[in-house]
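In what follows, a structure is listed as structure tokens, so that the remarks can point back to it.
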Amino acid sequence: MKNHIIADMFEKMAAVLEFKGEMPFKVNAYRKASRVIGDLQVDIEQIWRQGRLEDIPGIGSGLAKKIDEFLRTGRMTKYEEVMADVPPGLIELLEIQNLGPKTLALAHEKLQVNNLEDLKRVLADGSLARLPGMGAKKAENIIKGIELYERAKGRISLGIAVPLVEEIITQLQERTSVKRISPAGSLRRMRETVGDIDILVETEKGAEIIAEFVHLPQVTRVLAAGDTKGSIIVEGEIQVDLRAVRPESYGSALQYFTGSKAHNIHLREIAKKRGLKISEYGIFCGKKQLGGSKEEEIYENLDLVWIPPEIREDRGEIERAAEHNLPNLVSLEDIAGDLHVHSNYSDASISIEEIARKAKELGYSYIAICDHSQSAKYARGVEVERLKHKWQEIKQLNTKISGITILSGTEVDILADGTLDYPDEILAQMDIVVAAIHSGFKQRVTERLIAAMQNPYVNIIAHPTGRLISKREGYEVDLDAVLRVAAQTGTALEINAYYDRLDLSDVNARRAADMGIKLAINTDAHLLEHFRMMRLGVGVARRAWLEPKDVLNTWPLEKIRQFCQQKWQKLK
DNA sequence: GCCGTTTTCGGCCCGACTGTTTTCAGTCG
């Protein structure tokens, strides 16, 4: 798919055009096009072949021509023109806080700033501060921006941010008389990574709460502390903002600070057409406030049903809300079990009994113990002899512990030659078989995954793309081909809930579900604490618009057994 | 550059803060 290549080109063009002082509305048009194309669920080449490029919202005749040229020839003349006279390394400086396109253009033109080194030089020798419209303070703020840019390049993963924000909220609740309090921003939307953390609090005494906030024990630096906003750095590099708002504006502020930006802009356009105005203070008709205390009031006044935060990305949710036809998103309460956890038979340190009791405590009705297979020496993979002990133990525990069914499973390795790490007669005795690639990431990954899915005993492919958010890109896998075969064979794909995996991602999970593929949200737990990550996986699933019917482990056990049986009968 | 039940031209989301200014431009979220 060339979607992301084209989206990246348009995003770069937007940045450069902005730097060159092009009309802001034109810049926005490129930005919007970039986002919409990046979010497309289908291959843009397919739309192009059908001659329907201009049906994509935000793509008119001009951009359609550019896309057409690129898909025909592999080149885009306008892109080359725009990028031609811009030094490489200059545009990425726009990521520095407090340094925008105007200032950068000024520094480039008057002081020949072409890269980060040049920028540091003109800040150090004071020449930037002496330019018209500049001054010592502005220079100082850019220096601070550079510090942050070099230290915290990139984003924090959701799995780190969520516990952090919960801890801060608990502390504030203990120390002050807060009323309503909630995370906002991309964390509330459960994006897989977040830039900084936003928390919103309802209060009439903002200054008091913010004073407490900036004195929390984990604070390493205070960036701002006013009456309505406090801003801190915790753990050396994570920025947390607290905003205090009055009761009558709490809902509109929560709506506003949750975003996404694209979602909010779309809402405001709708409001404007109706002669209304939305801001973080409320929804207004002239001076009259129609709502704002509750988030729902913003949506209701536009004849929309309230939209869950996870899908506020302007990917069609507003149109569906207008039809009162939003998906019935899967929730944590729907989860009936976990189909992929490890025990001390392989590389985890928890016993099957501990796992079962934990699962029961969480209200699950089944739990699948899926240890690594025999070749996975790095992870104490289970040989066939020990496997038989394991089955015996599971059988005993199932009679000993009531109210939960322990399933014997495996996370069987897909070997370099595409075969599985246990023979079929062993797999046939498992309740559930999860298959995964753990080695040979560059060797014919697509063919191996397809071969595994064609085995009648394989029920789920674990972490299908193999990406680790903080460490590596996924395998070199043709996901389109994998999805096709998953749909044909009736193999489920995993949404691995481990915070550094979240694999499949939201966009890919939605593509899978659209093709009728079932998903399983599994924690891949190696510690009891890992069970808590289920909520991250559910967040991904909600962002993918999944409903309980799409998610295997919301179903009763009997239905899962039927699902496995169906595949076996089809392929045996 | 896009878009149209107020428009094929003239709009294009809203507000706060900061620092530089004497009324506003730049940046951010």
Side-chain angles (χ1 to χ4, degrees), chain A residues 10 13-14 17-19 21-37 53-67 78-79 82 93-107 128-142 144-145 148 184-189 194-200 223-229 231 239 241-245 249 252-284 292 298 302 314 318:
Chain A
F10 283 166
M13 289 170 84
L17 289 171
E18 189 172 35
F19 165 78
E22 185 54 90
M23 292 196 332
F25 302 114
K26 190 186 279 192
V27 172
N28 268 344
Y30 277 96
R31 268 219 170 103
K32 182 174 181 188
S34 167
R35 184 184 59 78
V36 169
I37 292 170
L53 283 175
E54 290 185 48
D55 290 354
I56 303 171
I59 306 297
S61 60
L63 289 176
K65 252 190 210 135
K66 295 177 178 70
I67 297 169
K78 178 75 175 181
Y79 175 82
V82 168
L93 299 185
L94 289 174
E95 286 169 37
I96 295 168
Q97 277 208 350
N98 305 317
L99 177 65
K102 293 289 195 294
T103 311
L104 187 63
L106 191 69
L128 185 70
R130 284 194 294 273
L131 291 178
M134 300 299 293
K137 282 280 191 142
K138 281 196 171 179
E140 212 174 287
N141 285 333
I142 295 172
K144 279 185 192 160
L148 211 64
S186 49
L187 183 133
R188 183 164 178 245
R189 302 200 315 277
V194 300
D196 51 16
I197 296 175
D198 295 302
I199 303 173
L200 201 71
L223 299 177
D227 291 346
T228 61
K229 181 181 167 181
S231 195
Q239 182 173 339
D241 294 344
L242 180 73
R243 289 164 204 279
V245 298
S249 297
S252 45
L254 183 60
Q255 196 287 318
Y256 171 70
F257 285 111
T258 296
S260 65
K261 190 172 181 175
H263 175 91
N264 286 354
I265 289 175
H266 195 158
L267 285 190
R268 287 172 185 211
E269 283 168 358
I270 293 174
K272 189 162 188 171
K273 275 181 195 149
R274 297 175 169 221
L276 306 177
K277 188 185 65 168
I278 302 173
S279 75
E280 54 262 55
Y281 298 105
I283 180 160
F284 298 88
I298 305 299
L302 301 176
D314 195 21
I318 293 173

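Chain identifiers are assigned alphabetically (A, B, ...) following the order of the sequence lines, protein sequences preceding nucleic acid strands; residue numbering begins at 1 within each chain. In this text the structure is predicted, and so the values were computed from the model without any measurement.
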Q. Is B:dT5 syn or is it anti, if syn means the base angle is within 90 degrees of 0?
A. anti

Q | Closest contact, heavy atoms only, A:Ala14 versus A:Arg31 | A | CB-CG, 3.7 Å

Q: Tell me what A:Lys66 touches on the nucleic acid: a base, only sugar-phosphate, or nothing, going by heavy atoms under 4.0 Å.
A: sugar-phosphate

**Q.** A:Tyr30, nearest nucleotide to its side chain (from B:dG26, B:dG1, B:dC28)
**A.** B:dG1

Q.
Strictly below 4.0 Å: does A:Lys32 bring a side-chain N or O up to OP1 or OP2 of B:dC12?
A. no

Review item, side-chain donor-acceptor pairs of residues 267-282 of chain A, under 3.5 Å, at least two apart:
residue: A:Arg274; atom: NH1; partner: A:Asp303; partner atom: OD2; Å: 3.0
residue: A:Ser279; atom: OG; partner: A:Tyr281; partner atom: N; Å: 3.0

Q. Do we see a donor-acceptor contact under 3.5 Å between the side chains of A:Ser231 and A:Gln239?
A. yes

Q. Is the distance from OP1 or OP2 of B:dG15 to the nearest side-chain N or O of A:Lys277 less than 4.0 Å?
A. yes

Q.
Over all strands shown, is A:Lys26 touching base, sugar-phosphate only, or nothing at heavy-atom distances under 4.0 angstrom?
A. base

Q | Separation of the C1' atoms in B:dT20 and B:dG26, to the nearest angstrom | A | 10 Å

Q) Just checking A:Leu63: base, sugar-phosphate only, or nothing, at a heavy-atom cut-off of under 4.0 Å? A) sugar-phosphate

Q.
Can you identify which nucleotide, out of B:dG29, B:dG15, B:dT20, has its nearest atom closest to the A:Ser279 side chain?
A. B:dG15

Q | Rounded distance in Å between the P positions of B:dT6 and B:dC12 | A | 16 Å

(Q) Which nucleotide wins on minimum distance to the side chain of A:Lys138, given the candidates B:dG1, B:dC28, B:dT20? (A) B:dT20

Q | Heavy-atom pair of closest approach, residues A:Phe10 and A:Ala33 | A | CD1-CB, 4.0 Å

Q. Which residue, A:Ala29 or A:Asp241, contacts DNA chain B at a nucleotide closer to its 5' end, judged by nearest heavy atom?
A. A:Ala29

Q) What is the nucleic acid contact for A:Asn141, judged by heavy atoms within less than 4.0 Å: base, sugar-phosphate only, or nothing? A) sugar-phosphate

Q: Could you go through the side-chain contact (heavy atoms from CB on, under 4.5 Å) check for A:Asn141 and A:Gln97 one step at a time?
A: CA-CA 8 Å; A:Asn141 285 333; A:Gln97 277 208 350; over 6 Å; no

**Q.** Separation of the C1' atoms in B:dC13 and B:dG29, to the nearest angstrom
**A.** 13 Å

(Q) Whether the side chain of A:Tyr281 and the base of B:dG15 hold a donor-acceptor pair under 3.5 Å is what I'd like checked. (A) no

Q) Base, sugar-phosphate alone, or nothing: which one does A:Ile96 contact when heavy atoms must sit under 4.0 Å apart? A) sugar-phosphate

Q) Taking A:Asp314 as the fixed residue, which of A:Lys32, A:His266, A:His263, A:Lys261 is the one that meets the side-chain hydrogen bond (donor to acceptor under 3.5 Å, both in side chains) rule? A) A:His266

(Q) Heavy atoms only, 4.0 Å cut-off, all strands: where does A:Met134 land among base, sugar-phosphate and nothing? (A) sugar-phosphate

Q) Which nucleotide sits closest to the side chain of A:Lys78: B:dC13, B:dC2, B:dG1? A) B:dG1

Q: Mind calculating the distance between CZ (A:Arg243) and P (B:dC17) to the nearest angstrom?
A: 10 Å

Q. Touch check for A:Lys272, heavy atoms < 4.0 angstrom, all strands: base, sugar-phosphate only, or nothing?
A. sugar-phosphate

Q. Base, sugar-phosphate, or nothing for A:Leu267, non-hydrogen atoms under 4.0 angstrom?
A. nothing

Q | Span that lies between the C1' atom of B:dT21 and that of B:dC17, in whole angstrom | A | 15 Å

Q: Among the candidates B:dG1, B:dG29, B:dC14, find the nucleotide nearest to the side-chain atoms of A:Met23.
A: B:dG1

(Q) If you assign each of A:Ile265 and A:Lys273 to its closest nucleotide in DNA chain B, which residue comes earlier from the 5' end? (A) A:Lys273

Q: Quote, to the nearest angstrom, the C1' distance that separates B:dG1 from B:dT8.
A: 15 Å

Q.
Just the rounded figure in Å: distance from P of B:dT20 to CG of A:Leu106.
A. 13 Å

**Q.** Who pairs with B:dT8 - Watson-Crick or G-U, where each distance is under 3.5 Å
**A.** none

Q) So what does A:Pro101 hit on the nucleic acid, given a heavy-atom distance under 4.0 Å: a base, only sugar-phosphate, or nothing? A) sugar-phosphate

Q: Check A:Ile96 against A:Gly145 and note the closest heavy-atom contact, atom names and distance.
A: CG2-C, 3.7 Å

Q: Have a look at A:Ala262 and say if it touches a base, only the backbone sugar-phosphate, or nothing, with a 4.0 Å heavy-atom cut-off.
A: nothing

Q: Check whether any side-chain nitrogen or oxygen of A:Thr103 sits under 4.0 Å from OP1 or OP2 of B:dT27, and answer yes or no.
A: yes

**Q.** Side chain of A:Lys137 - closest among B:dG29, B:dG19, B:dG1
**A.** B:dG19

Q: Determine the contact category for A:Tyr256: base if any of its heavy atoms lies under 4.0 Å from a base atom, sugar-phosphate if only primed atoms, P, OP1 or OP2 are that close, otherwise nothing.
A: base

